[in-house]
Every structure is written in C-alpha cells, then in structure tokens.
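First the proteins, then the strands, lettered A, B, ... as listed; each starts at 1.
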Protein chains: 2
Amino acid sequence: MTTTTQGFATIQQRDLVNQIADMLTEALLKGEFSPGVHLSEAQLARDFGVSRAPVREAARLLESRGMLVSQPRRGFFVRTFNADELDDVYDLRLCLERHAVRLLAGKLTAEMEAALSHQLETMRQVARDGTAVQQIEEDVAFHRMLCEFSGNQRLVRVFDELCHEMRFCILLIGQLYDDAMRVADTHEPILEALRTRSPDAGEAALDYHIGVAQQRVVEMFRERTQG
Amino acid sequence: MTTTTQGFATIQQRDLVNQIADMLTEALLKGEFSPGVHLSEAQLARDFGVSRAPVREAARLLESRGMLVSQPRRGFFVRTFNADELDDVYDLRLCLERHAVRLLAGKLTAEMEAALSHQLETMRQVARDGTAVQQIEEDVAFHRMLCEFSGNQRLVRVFDELCHEMRFCILLIGQLYDDAMRVADTHEPILEALRTRSPDAGEAALDYHIGVAQQRVVEMFRERTQG
DNA sequence: AATTTTCAAACTGTCGACACTCGACAGTCG
DNA sequence: CGACTGTCGAGTGTCGACAGTTTGAAAATT
C-alpha cells in the first residue's frame, strides 16, 4: 500500500471542444434554439467565455451528427427537420433493428437475456416514477442493447446517430409518452421472441412496436411543425 | 447580356477545409499513409502551405467519416481496419440495400429502370476497357442508385459513409476484380427482380451478389493484413 | 412610396503565437 | 544493473488578430 495508484479512475481530460459540444447539444435538446436559427461563433464564444476555435470545432462535431448545418461564409444553423425526414429516420432505424434482432436471435446468451430483462424492468420503474426524458432514455437503452448484442459495432454507431436525431425531434414535439407503462410492456414480445430464438417473430414484434411509435411521433411532429 | 453570369458555373468558393479534406482523402485512398500512422497537424500544415486551423477542421471531418481517429493531446491517426470491422461494414451495407430493394420493388418507375439499365451498361463497358478504380466506382454507383431510388435519403447518407470505408479497405488490398464482366453480370438478377416487382427475389439476388463480394473482399483483406 | 445604393457593423476564414502536455532520452540513485 | 527522475523537443489546445465577406438598415434616387 505504498505508492500504488490502484483504484484511481483516470481523470478524463475533457477538452473544451467536448464540453462545448455537450452544452450545445443539451441546449439544442432543450429547445433553446429554434430550428433554422443562425448560431454565431463569436456570440457563442463570448457566452462560453472561450475563443472561437473550440466553438468552431464543437459546431463541426454537431454538424457531423446532423444537428447543425453549415453554409460557407454564413456559418452554422440549427438543423431543420421536416416530417418526411423524421419518417426516413424511423424507417432506417427499423431496418437496423430488424437486422439486429435477426442476428441476435441466433446467438442470444443468458447474460444478454438477463441484461435485456433487467433493462425492461428499469423501463417499467421509470414508467411509474420517472421523467419523460428518463423514460425516453431507458427506452433507447433497450433498443441500443439489441444493436450491441447483435455484434455489429458499425450498426451500433449508425443507431446512435439516428437516436440523436430522434431525440432532437421528440424533444421538439414537447410531451410524449401518455402511457409509458404500456409502451414499456410492448417491448416484452420482442424479448419473448428472442427467448424462443425466433427471428421472424422478433421482426414482427419490432415491426409492430416501432411502427406504432413511428406513426405517433411523425404524426405529432407533422402537426407541430406544419400546423 | 450585360453582366449576367448565366452559363458560368458558380465559382466554387471551396474553402481550404474542403480542399484539404479532399486531398487528404485522396492521399489516404492512394495508400500514402499506413494505417495507424500519426498525422502531425503542423507537418500537414507545412506541406499544404496553410495554417493549422483548416488542417484541424479537415482532420475532424475525416474523423467523422471514420477515416481518421483522434486521441486527446495526441492528435490524429490513420484509421486501422481489421477484417471483422470490414465484415461489419459489408453486413450493414447488405442490410441497407435489402431494405432499399424492398422499398424500390413497390415503386419502380420507367425512368428508374432505364437509369439502372443504363448504369449496368456502363459497368459492362468499363469492365471491357476501364481501370479497376473505374470499375469499382461504377459498381458503387449502381448500388447507390438502388438506395437513392428507395426514397430514403437518410439511408443514402449512411450508404455513402459505408462506401467510403469499403473503398478505403479495397484500395488497401490492391488489385481486385479478376473478372469485372462476370461481376457486372451478377447485377442483372437484381434488376430483373425489380422489373417483376418482386421484393423477395430482389433480396435473394442481393444476398447472393453482396455475399460473394463480402466473402472475397474480407478474405483478401484478412490475408493481406494478418499474414 | 417603392426601389436602388451606400455603408457600417457583425461575422467568418485564416493566421501566427503561446502555454501546456506528452513521450523519449539521459542522468542519478538505490 | 535496474528503477526512478529531470530535462528537452515535438505537438496539441487555445487564443487574439486581421482581412474579406455578408447582412441589414439608413440614405439616396426614381
């Protein structure tokens, strides 16, 4: 017990770029910037009390995540979504998860099943006493597990990108989850299909589950933005 | 006809960032940098004759495309691929294209069919008298059409990302396409299935077509990198 | 009044500079 | 001889500054 550094977590040297990116992301998800609005590098730099360089890089990072768009010599603007684009995102997400479930059905281990069951329980818990944001996050976490357990890491990366965009739109809508418990329960058939190693049943359960969400969210988004 | 700029292509005010990103991309695809090697911002800036700022941003751009990776305080490194990751890319690509074909089978127009036929003809032509790079590009163009015609723009974006990575790996292998004409011909069944509006046949044709490519490319890549 | 022109403020693209950090190498001490 | 320490060079993170561009509004013209 002399000079061992055992037990110390490596302090993460979070540079300004990531900090700014996180703060910007949070602000965007909280809806503090209207879609399409111009974001001035100089203004943001002043607000954050830093120079423009890290702000630029953070903005570029958010651009690559599809939350901002840039025009040469004009700067960065908050990404605007229309309902069709959101529909595309859901469509693609379903495509990915169907594939993940197909893969997963053939290789589900006991650990994976336990993790998914546990996550389902967490979802039910936050459905009782959790915020809407928590409910969304735990929901996403379940679906992310499906992707992770599929074994295709590249698929997970795309899923994460899509989730960023879905979160962005969902938070733009405002309230959601009128009945979080019912939503949580509709994940059960997916897990059940996996337990029986049935890819077809898994796909069907997913089709239903995500299809419902897609219809609701896109519809609400369309009303909220068009009307 | 006084001061109209009609007819002139709008001068691409291509900023340094994009120019540098393109040059870096080209250099990477030509294999001028070994995977895993460190790229010094200062050195690149000197080489390009610019300051470090645009180099940094270009590097971040390539990082978002998965061609570079960065470590805090260490800088940028050329992305290393292993065969498993490449396998994931092909797996995901197949997933996307299956979906695209499924969507496309239900909405193929005469224009789309003509475009695909034309592209197939182009492929056969470069198979006779074209370079390997051309053959790859025209091949990719065909598959990209499938994605575009599916109507899901988000899917196209992911497809493009995956193509970047596949190109990266394929160029790393060296030669490919021993029989480009035969490869071109194996696209015919896909188009044929679309003509008969049969999503199942389309998927099957794709499964075969891409599966063969996946096996060959991943296998060659494994030999080339492991051995 | 409507439209064009002018003009200044704000902003972006790019640059050079400085501080801090990381990795290597040599030197020191046990 | 081996492990630790101090130093040095290279490189990244961040900053402030300058030049050219865009924007929006005031001013001028029709």
B:Glu57 CD to D:dT12 C1', straight-line distance once rounded to whole Å: 15 Å

Rounding to a whole Å, what distance do you find between B:Asp47:CG and D:dG11:C1'? 15 Å

For A:Arg46, report the nucleic acid contact type (base, sugar-phosphate, nothing); a contact means any heavy atom under 4.0 Å. sugar-phosphate

Given atom CD of A:Glu41 and atom P of D:dT23, what is their separation to the nearest angstrom? 15 Å

Can you figure out which of C:dC15, D:dC15, D:dG11 approaches the side chain of B:Leu16 most closely? C:dC15

Would you say D:dT23 has OP1 or OP2 under 4.0 Å from some side-chain N or O of A:Arg74? yes

Atom-pair distance (CZ on B:Arg56; P on D:dT14), nearest Å: 7 Å

Have A:Asp47 and A:Gln43 got a donor and an acceptor in their side chains that come within less than 3.5 Å? yes

Ignoring hydrogens and geometry beyond distance, is a side-chain donor-acceptor pair present between B:Asp129 and B:Gln125 at under 3.5 Å? no

Looking at B:Arg224 and B:Ile173, would you say the former's side chain and the latter's main chain have a donor-acceptor pair under 3.5 Å? yes

Across the strands shown, which category fits A:Arg52 at heavy-atom distances under 4.0 angstrom: base, sugar-phosphate, nothing? base

Whole-Å distance between C:dA10 C1' and A:Arg73 CZ? 14 Å

Should the heavy atoms of other residues, nucleotides or ligands under 6.0 Å from CD of A:Glu113 be counted, would the total exceed 12? yes

Ignoring hydrogens and geometry beyond distance, is a side-chain donor-acceptor pair present between A:Ser70 and A:Glu63 at under 3.5 Å? yes

Using OP1 and OP2 only, check whether a side-chain N or O of B:Ser51 sits under 4.0 Å from C:dT14. no

Hey, is the side chain of A:His38 poking within less than 4.0 Å of OP1 or OP2 on D:dG24, counting only N and O atoms? no

How long is the line joining CD of A:Gln19 and C1' of D:dT14, in whole Å? 13 Å

In whole angstroms, the gap separating C1' of D:dG13 from CD1 of A:Ile20 amounts to 11 Å

Please give, in whole Å, the distance from D:dT12 P to A:Asn18 CG? 17 Å

